[in-house]
Amino acid sequence: MIFRRTDNPKKAAEAELIQGCLKKDRRYQEEFYGRYASKMLAVCSRYAKSQGEAEDILHEGFIKAFSKLNRFKGSGSLEGWVRRIMVNTALESFRKNKNLSLVEEVEDNNELKMEAKAFTNMGADEILMLIQKLPTGF
């Protein structure tokens with residue numbers, strides 16, 4: 001893959017990072033991982049039942065990203081491309097583990113509306129932790 005010089009320093013830095021990774025230079029691979037790991041772990045956590053599962057998805061996703069980096073065309077952002085790989089990896093993991101189950105419809109209930117107000121006082125971390133404790137399929 002050949003990248004042209006650009007006036008955009010961010011694109012130039014991405015191009016250099018990609019080229020280094022394609023040459024299997026460990027420094028560039030570490031930079032790539034360091035640049036996107038924390039953001040992508042947050043993405044993986046949305047699909048995982050636990051922190052450990054999210055980390056497994058993250059690592060599997062990075063393996064795929066490194067192995068398919070030569071397919072990145074450079075038309076969009078590198079971060080968006082990596083994010084898509086992480087989401088697809090998470091969905092594959094979800095399907096592979098057969099976590100998908102039928103979801104029952106919940107009737108409109110005033111009690112549920114009252115309980116929903118309790119979430120307004122909670123932080124994002126607390127809500128994410130409660131979501132991860134929900135039964136599969138919810």
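Predicted model only: the values in this text are computed from it and were never measured.
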Please round to the nearest 0.5 Å and tell me the distance separating atom [atom1] of [X] and atom [atom2] of [Y].
| X | Y | atom1 | atom2 | value |
| --- | --- | --- | --- | --- |
| Thr89 | Met40 | OG1 | CE | 11.5 Å |
| Leu22 | Lys24 | CG | NZ | 8.0 Å |
| Arg35 | Glu14 | CZ | CD | 6.5 Å |
| Asn70 | Cys21 | CG | SG | 12.0 Å |
| Lys96 | Leu91 | NZ | CG | 12.5 Å |
| Leu69 | Leu17 | CG | CG | 8.0 Å |

Looking at every non-hydrogen atom in both residues, tell me the closest pair between Ala48 and Ala54 and how far apart they are.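 Heavy atoms only, the tightest pair is CB-N, 3.5 Å.
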
Atom of Glu53, atom of Lys49 and distance for their closest heavy-atom approach: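 Minimum heavy-atom contact is OE1-N, 3.1 Å.
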
By side-chain contact (heavy atoms from CB on, under 4.5 Å) - contacts of [X] (at least two apart):
| X | answer |
| --- | --- |
| Asp56 | none |
| Glu126 | Met122 |
| Ala90 | Tyr47, Ile57 |

If you look only at pairs with a residue in residues 80-89, which of them pass as a salt bridge (Lys or Arg N to Asp or Glu O under 4.0 Å), with sequence neighbours excluded?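 Qualifying pairs, neighbours excluded: Glu79-Arg83.
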
If the threshold is 4.0 Å, N to carboxylate O, is there a salt bridge linking Arg26 and Glu30?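 Result for this pair is no, no salt bridge flagged.
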
I'd like to know if Arg27 and Asp25 make a salt bridge, using a cut-off of under 4.0 Å between side-chain N and carboxylate O.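 Yes, this pair counts.
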
For Glu16 and Tyr28: C-alpha separation, side-chain torsions, deciding distance, then whether side-chain hydrogen bond (donor to acceptor under 3.5 Å, both in side chains) applies. CA-CA 9 Å; Glu16 182 181 347; Tyr28 287 101; 3.0 Å; yes

Gln132: side chain to side chain donor-acceptor pair (under 3.5 Å) partners, not counting sequence neighbours: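 Residues passing side chain to side chain donor-acceptor pair (under 3.5 Å) with Gln132: none at all.
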
Identify every side-chain donor-acceptor pair in residues 59-68 under 3.5 Å, counting partners at least two apart or on other chains, and give the distances.
unit_1: His59; atom_1: ND1; unit_2: Glu55; atom_2: O; d: 3.1
unit_1: His59; atom_1: NE2; unit_2: Tyr33; atom_2: OH; d: 3.3
unit_1: Lys64; atom_1: NZ; unit_2: Glu92; atom_2: OE1; d: 2.4
unit_1: Ser67; atom_1: OG; unit_2: Ile63; atom_2: O; d: 3.2
unit_1: Ser67; atom_1: OG; unit_2: Lys64; atom_2: O; d: 3.0

